[in-house]
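Here is how names work: the chains are called A, B, and so on, in the same order as the sequence lines, proteins then strands, and each is numbered from 1.
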2 protein chains.
Amino acid sequence: MRFEALTIKDIAKALGLSTSTVSRALRDSYEISPETKKLVLEYAEKNNYHPNPIALSLKERRSRSIGVIVCEIANSFFSQTINGIESIAYHNGYNVIIAQSRESFDREMINLQYLTSRSIDGLIISVSTETRDFSFLKELHERGMPIVFFDRIVDEIETHKVIVDNYKSAYDATSQLVKNGYQRIAAISNAAYLSISKDRLAGYRAALDNNGIPVNENLIKHCHHGGMLLEEVEQAVNELVKAPEKPDAILTTSDKLTTGCFRVLKSKGISVPAEMGLVGFSNSDLTELLDPPLTIIKQPAFEMGEIATTLLLQLIESKRPVKEFETRVLASELITRGSTIAKKTEPQKLASL
Amino acid sequence: MRFEALTIKDIAKALGLSTSTVSRALRDSYEISPETKKLVLEYAEKNNYHPNPIALSLKERRSRSIGVIVCEIANSFFSQTINGIESIAYHNGYNVIIAQSRESFDREMINLQYLTSRSIDGLIISVSTETRDFSFLKELHERGMPIVFFDRIVDEIETHKVIVDNYKSAYDATSQLVKNGYQRIAAISNAAYLSISKDRLAGYRAALDNNGIPVNENLIKHCHHGGMLLEEVEQAVNELVKAPEKPDAILTTSDKLTTGCFRVLKSKGISVPAEMGLVGFSNSDLTELLDPPLTIIKQPAFEMGEIATTLLLQLIESKRPVKEFETRVLASELITRGSTIAKKTEPQKLASL
DNA sequence: ATCGTTACCGGGAACGATTGCGTAAATAAA
DNA sequence: TTTATTTACGCAATCGTTCCCGGTAACGAT
């Protein structure tokens with residue numbers, strides 16, 4: 001069964017005109033008489049003619065669709081970003097094709113191949129936690145594909161990027177933990193080479209440093225599947241609580257890690273925040289309803305999607321190659337709640353300050 | 001900046017052949033000599049030729065893309081469904097264009113217009129809670145557009161549908177509440193005319209009936225924006241707790257309503273389950289971590305997406321018009337947790353009645 | 001020598017839309 | 001009356017691909 005649509009040729013035949021005349025009439029060209037225009041327009045309206053976007057794409061050599069690759073859409077941060085992307089894209093007559101890498105480099109490559117073979121006009125991507133080899137992206141970019149990175153960006157490729165101030169976000173969150181009396185603060189992060197891991201851990205380290213707390217590398221754990229597997233989070237937590245210098249708080253550097261870590265702590269009967277403080281990056285609005293409510297670093301995800309798309313459309317619609325690129329750095333929001341409540345066993349510590 | 005790709009014409013020119021020969025060589029036609037094939041194939045491989053999908057679409061009069069409309073992707077049930085849809089679609093060389101209605105009829109119409117004007121080959125949709133007028137969908141269907149409904153289906157349109165056993169799901173959940181000692185069970189649902197509202201409330205009513213509990217229409221509330229606005233959920237809860245026959249438990253019939261209702265109860269200081277039991281449809285894996293953990297009815301969302309897509313592809317790829325349609329009814333899963341714990345303070349309350 | 005067959009390849013029309021160019025008729029200017 | 005200009009439309013190429021027609025060799029059979 002096929003869905004047949006009215007073409008410009010049908011209109012031409014029905015009205016005894018040529019296709020060029022019909023086309024021009026529809027586009028309100030000056031060289032068509034008002035009477036003919038009216039005739040064509042009315043006929044098109046009545047039979048609800050819509051220009052075939054595929055034919056237009058072929059002619060204009062652009063598909064008016066952009067590709068988006070994220071690790072998964074069932075993740076508050078990314079679904080909110082996608083909302084922002086869609087709002088701008090649809091507003092400009094573009095459609096959005098979404099693909100999920102599920103934190104796998106292989107799947108990311110497959111999606112990349114698929115999307116480019118589907119001739120997208122541009123790409124918005126937050127790379128997977130496994131991605132270390134950027135050669136394909138690089139080649140794509142060099143061959144002229146407009147690309148905008150967000151969240152997990154790639155330093156080696158010069159193009160527009162949208163991120164939050166990862167360093168400051170982690171710095172502030174860690175500082176707050178210190179202020180609240182936590183001393184042995186651990187961090188659970190994605191793969192070490194990932195941009196957000198590097199920046200957020202740098203902020204974490206700096207905060208400890210500036211507060212006179214030595215950084216203990218044993219308290220920094222990496223989850224190479226970004227928390228997609230609960231087991232890896234479980235292992236990280238296990239290693240932390242079994243360590244001789246058992247931490248009294250944990251900083252998690254991404255959505256999936258935050259809820260995953262909380263899940264593990266709960267299942268192990270480790271009480272939050274009494275036994276273990278917890279602060280993490282998260283955009284889920286359910287974290288507020290957990291027990292205890294989670295202190296989170298919330299990113300302006302919707303806005304990030306909007307900005308990324310605006311920048312991408314600029315690249316796509318630019319007449320000549322763009323040489324100047326910008327990295328937009330937005331502020332995140334630290335929302336303080338129960339999971340990092342001030343420790344009551346403080347007096348002695350305060351005295352020591 | 002434009003992304004230029006190798007065409008069949010380029011290959012033809014480079015190899016001194018005609019485009020038809022190249023085309024046939026690439027498609028391994030019998031009328032091309034092995035040597036020529038090898039020549040063409042190797043050249044194509046080396047310069048990584050990919051057929052232009054847009055040109056193919058124009059020729060074959062199909063876009064190999066399907067449209068999906070849900071109320072929002074930042075909703076566990078729908079994002080899981082979309083995962084199922086994508087897994088099947090990508091596997092069959094289709095891409096998926098997702099649009100969100102945000103529970104608004106107007107936005108649904110805009111998306112529908114947009115998607116059909118982008119010449120999709122088929123449509124998978126769960127209608128918004130506002131949608132009462134199906135004329136556009138009906139016309140689309142009559143004009144030959146393959147459509148599959150899931151979750152919120154439309155009875156008037158005869159095509160494939162995928163749902164869970166909504167009646168039984170609500171019946172079982174309500175029955176369990178009764179078994180656990182709850183007596184005045186309220187329900188918060190979407191708009192009354194929505195398929196899932198009708199079926200789930202029917203199950204709810206039947207369960208009360210079969211347990212000898214009279215159905216009190218004052219304890220059935222409808223949220224016309226499907227919980228997209230927290231205020232409407234708040235109002236529903238307010239009306240319930242202020243009612244003379246204040247309920248001791250609530251059944252919520254969709255994801256957004258479940259977490260919304262829990263949020264409102266929490267903010268109003270109404271303890272769950274002591275003061276108010278709560279069971280609802282939800283696919284969020286965070287409900288387990290709430291305080292108390294929520295008893296939920298979980299739908300096999302991923303599987304629903306897979307089935308819907310398989311059925312849609314059948315419709316699309318069928319040579320002749322399909323006349324026989326099926327409605328797949330899957331089983332849901334009732335996961336019992338803390339929010340519907342058996343009431344201990346039963347004797348005195350029963351006495352006071 | 002002629003015909004039929006097979007193997008191999010090219011020309012060109014389509015798919016739906018846009019657009020540069022050509023041109024007839026009508027009107028204005030010389 | 002002749003020439004220039006304007007008005008209003010059609011022709012045909014184009015985008016990348018497929019596929020229906022051809023067409024031309026080479027070869028064997030008659």
Side-chain angles (χ1 to χ4, degrees), chain A residues 2-41 43-45 47-65 93 116-121 143-144, chain B residues 2-41 43-44 47-65 93 116-121 144:
Chain A
R2 197 53 41 77
F3 184 74
E4 299 292 350
L6 190 71
T7 75
I8 220 168
K9 212 180 279 182
D10 300 329
I11 302 181
K13 195 177 289 177
L15 264 41
L17 294 168
S18 76
T19 58
S20 22
T21 305
V22 175
S23 172
R24 271 185 272 253
L26 290 169
R27 324 202 101 247
D28 201 28
S29 163
Y30 66 96
E31 37 182 356
I32 302 297
S33 73
E35 303 87 60
T36 311
K37 270 184 198 170
K38 187 155 172 275
L39 195 69
V40 172
L41 251 36
Y43 187 90
E45 173 76 17
N47 302 69
N48 76 118
Y49 164 80
H50 287 283
N52 183 324
I54 292 178
L56 282 177
S57 292
L58 185 60
K59 188 105 186 57
E60 297 175 4
R61 300 148 133 254
R62 51 164 14 194
S63 60
R64 282 201 161 267
S65 65
T116 52
S117 83
R118 299 292 296 189
S119 57
I120 52 172
D121 292 344
R143 273 166 53 209
Chain B
R2 199 53 41 78
F3 186 74
E4 300 291 351
L6 190 71
T7 75
I8 221 168
K9 213 180 279 181
D10 300 327
I11 302 181
K13 194 177 291 177
L15 264 41
L17 295 168
S18 77
T19 58
S20 14
T21 304
V22 175
S23 172
R24 269 183 277 252
L26 289 170
R27 326 201 101 247
D28 201 27
S29 161
Y30 67 95
E31 36 183 357
I32 303 296
S33 73
E35 302 87 61
T36 311
K37 270 184 196 168
K38 187 155 173 274
L39 194 69
V40 172
L41 251 36
Y43 188 90
N47 301 71
N48 75 119
Y49 164 81
H50 288 283
N52 183 323
I54 293 177
L56 281 176
S57 292
L58 184 60
K59 195 100 191 51
E60 297 174 4
R61 299 148 134 248
R62 51 160 21 190
S63 61
R64 285 201 160 267
S65 64
T116 52
S117 84
R118 297 294 295 189
S119 57
I120 51 172
D121 292 343

Quiz item: Mind checking whether B/L15 and B/V22 have side chains closer than 4.5 Å, heavy atoms only?
Solution: no
Quiz item: Given atom CG of B/L26 and atom P of D/dC19, what is their separation to the nearest angstrom?
Solution: 13 Å
Quiz item: In Å, rounded to the nearest 0.5 Å, how long is the span from OG1 of B/T116 to CG of A/N48?
Solution: 9.0 Å
Exercise. Please tell me if the side chains of A/L6 and A/I11 come closer than 4.5 Å, counting only heavy atoms from C-beta onward.
Key: yes
Quiz item: What is the distance from atom CZ of A/R27 to atom CD1 of A/I32, rounded to the nearest 0.5 Å?
Solution: 12.5 Å
Quiz item: Does anything in residues 28-39 of chain A pair up under salt bridge (Lys or Arg N to Asp or Glu O under 4.0 Å), and if so which pairs, sequence neighbours excluded?
Solution: A/R24-A/E31, A/D28-A/K37, A/K38-A/E42
Self-check item: Reported NE2-to-OG distance for the pair B/H50 and A/S119, which is rounded to 0.5 angstrom
Solution: 11.5 Å
Exercise. Find out whether B/L26 and B/Y49 are in side-chain contact, i.e. whether some heavy atom of one side chain is under 4.5 Å from a heavy atom of the other.
Key: yes
Practice problem: Using whole Å, report how far CG of B/N52 lies from C1' of D/dT14. | Solution: 14 Å
Exercise. Report the distance from atom CD1 of A/I54 to atom P of C/dC15, rounded to the nearest whole Å.
Key: 15 Å
Quiz item: Could you give the CD-to-P distance, from B/E31 to C/dT6, as a whole number of Å?
Solution: 14 Å
Quiz item: For A/Y30 and D/dT6, what is the distance between atoms OH and P respectively, to the nearest whole Å?
Solution: 11 Å
Practice problem: Consider the side chain of A/L58, meaning its heavy atoms from C-beta on, and name the nucleotide among C/dA17, C/dC15, D/dG16 that approaches it most closely. | Solution: D/dG16
Practice problem: Please report, rounded to the nearest Å, how far the P atom of C/dG16 is from the OH atom of A/Y49. | Solution: 10 Å
Self-check item: Close side-chain approach of B/N52 and B/T7, heavy atoms under 4.5 Å
Solution: no
Quiz item: According to a strict under-4.0 Å criterion, is A/K59 in side-chain N/O contact with OP1 or OP2 of C/dC15?
Solution: no
Quiz item: When rounded to the nearest 0.5 angstrom, what distance separates OG in A/S65 from CD1 in A/I120?
Solution: 7.0 Å
Quiz item: Of all of residues 12-25 of chain A, which get a heavy atom below 4.0 angstrom from DNA chain C, listed by number?
Solution: A/S20, A/S23, A/R24
Quiz item: Within the structure, does a side-chain N or O atom of A/R61 lie under 4.0 Å from either OP1 or OP2 of D/dG16?
Solution: yes
Exercise. Within residues 32-39 of chain A, find the residues that approach DNA chain D with a heavy atom at under 4.0 Å, and present them sorted by residue number.
Key: A/I32, A/S33, A/T36
Self-check item: Length of the line joining A/R64:CZ and C/dG16:P, which is rounded to integer Å
Solution: 21 Å
Quiz item: What integer distance in Å separates B/I11:CD1 from D/dG16:P?
Solution: 12 Å
